[in-house]
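Counting from 1, the numbers follow the sequence of the chain as shown.
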Amino acid sequence: MARRIDVTGAGGVRLAAWEFGDPPKTGSDPTEHPTGSGAPSVLLLHGLMGRASHWASTARWLSGRYRAVALDQRGHGRSDKPSQASFTRDAYVDDTEAALEQLGLGPAVLIGHAMGALTAWQLAAQRPDLVRGLIICDMRASALGAASQREWDQWFKAWPVPFATLADVRKWFGEDDPWVERPNPARGEFYAEVMAESPDGWRPVFDLGQMLRSRETWVYDAHWEELAQVRCPTLVVRGLDGALGRAEAQEMVRVLPRGRYAEVADAGHLVHYDQPDAWRTAIEPFLDTLQDA
């Protein structure tokens, strides 16, 4: 099950957090109920255009020994999407800080994918008291540059929205999208989860302009300095065919004071969604070390 809890983010933006697993029983012994109030916590942060439900498989697996919460970040999922809201790096980091504090999760393990991973390590650098461990999933620390932003703008304009059916969503993102090198049903399912039905067909639950505004706040800068300030144990995970290359991933591990490395074969950028079993196998030994610490 997933239970929604509202969080007030930076600037008063309402955020939807989703707690997986059974809620703690009043007066129960947390040693008998591992997800009770005495359990360690995990906060999961999706990437750009993602939503908390993309973490459902991982969160349910974690809920046996953690209080597992996934956050719909501003502009995404069921969280607010105010037209005048800030979509800066500070806003995303402040939202995550607010979620940890308002839900009483800290010090937590942060698990982030892509943009969510950058948010996680920026918060870990700023508020080490709130973060006991960090998992970075397929996010680069180097600057991507203006060309990358232009490519994304052009890609968004190529989306054939509205889609007539969800089957059309799955087919386009899984097969017909020019960015797809070979058929990828998991990618099609990923994007089907972020569509909602409207009178003229299926459209994304997010505003594409807000997504570009969010992205432009990190693509022009490198983030190595913030990475070097992360003091907690950190695992860098990449898919073999993902956006994060092996050489850069290993350099990230070198820069991190307490970095480790893991690789998932046969996975692309959507590592945790593409290959959920292999993803769990990759991160479980690291999580075990945190519990033993």
Side-chain angles (χ1 to χ4, degrees), residues 45-58 73 75-77 112-118 136-140 142-198 200-216 218-219 236-249 262-280 282:
L45 301 174
H46 61 75
L48 189 73
M49 301 182 294
R51 65 185 307 168
S53 63
H54 286 145
W55 286 116
S57 174
T58 297
Q73 299 182 74
H76 297 75
H113 173 245
M115 179 189 75
L118 174 59
I136 295 169
C137 178
D138 214 62
M139 181 59 186
R140 300 179 62 182
S142 58
L144 303 181
S148 173
Q149 189 71 350
R150 288 194 299 271
E151 289 172 1
W152 275 69
D153 186 20
Q154 293 167 2
W155 179 55
F156 282 162
K157 290 174 181 175
W159 289 18
V161 291
F163 294 91
T165 67
L166 279 180
D168 291 329
V169 174
R170 295 185 181 98
K171 185 175 187 302
W172 196 81
F173 286 102
E175 300 178 26
D176 300 338
D177 182 351
W179 284 17
V180 175
E181 295 181 357
R182 57 182 180 273
N184 186 341
R187 188 174 188 268
E189 290 294 340
F190 181 94
Y191 282 98
E193 278 196 52
V194 296
M195 297 289 162
E197 192 170 16
S198 61
D200 61 349
W202 292 82
R203 295 179 177 273
V205 299
F206 44 77
D207 178 85
L208 292 173
Q210 291 182 350
M211 298 301 98
L212 279 177
R213 284 162 53 196
S214 297
R215 193 173 187 273
E216 71 183 7
W218 86 75
V219 296
V236 177
V237 185
R238 65 177 291 268
L240 199 61
D241 297 319
L244 176 61
R246 179 176 292 159
E248 182 171 353
E263 191 171 277
V264 179
D266 300 320
H269 177 57
L270 308 175
V271 183
H272 60 297
Y273 200 87
D274 240 354
Q275 300 289 339
D277 292 338
W279 158 253
R280 291 193 288 267

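For the pair R170/E189, a side-chain contact is recorded, criterion being any heavy-atom separation below 4.5 Å from C-beta on. Looking at F173 and M195, their side chains come closer than 4.5 Å, going by heavy atoms from C-beta outward.
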Between K171 and D168, does a salt bridge (charged side-chain N to carboxylate O under 4.0 Å, His left out) hold up when you go through it step by step?
-> CA-CA 5 Å; K171 185 175 187 302; D168 291 329; over 6 Å; no

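Distance CG/L144 to CH2/W152: 9.5 Å, rounded to 0.5 Å. Here the CE atom belonging to M211 is positioned 8.5 Å from the CE atom belonging to M49, to the nearest 0.5 angstrom. Annotation: the span from D177 atom CG to R187 atom CZ amounts to 4.5 Å, rounded to 0.5 Å.
Without hydrogens or angle criteria, D274 side chain to A267 main chain gives no donor-acceptor distance under 3.5 Å. Without hydrogens or angle criteria, R238 side chain to L240 main chain gives a donor-acceptor distance under 3.5 Å. Of the possible polar contacts, none joining the H272 side chain to the W55 backbone as a donor-acceptor pair under 3.5 Å is found. Counting only distance, with no hydrogens or angles, the side chain of E175 and the backbone of G188 share no donor-acceptor pair below 3.5 Å. Proximity of a side-chain donor or acceptor of E248 to a complementary backbone N or O of S142 within less than 3.5 Å is detected.
Residue D266 qualifies as open at atom CG: its count of foreign heavy atoms under 6.0 Å is 12 or below.
We find that D153 and R150 are not joined by a salt bridge, their nearest charged nitrogen and carboxylate oxygen being 4.0 Å or further apart. Looking at E193 and R51, no side-chain N of the basic residue comes within less than 4.0 Å of a carboxylate O on the acidic one, giving no salt bridge.
For H46, the ring-ring contact (aromatic ring centres under 6.0 Å, His included) criterion is met by H76, not counting sequence neighbours.
Checked against the 6.0 Å centroid criterion, the rings of Y191 and F163 do not qualify as a close aromatic pair. Note: W279 and Y273 fail the aromatic proximity criterion, with ring centroids not under 6.0 Å apart.
Across all their heavy atoms, R213 and E216 have their closest contact at O-CG, 3.2 Å.
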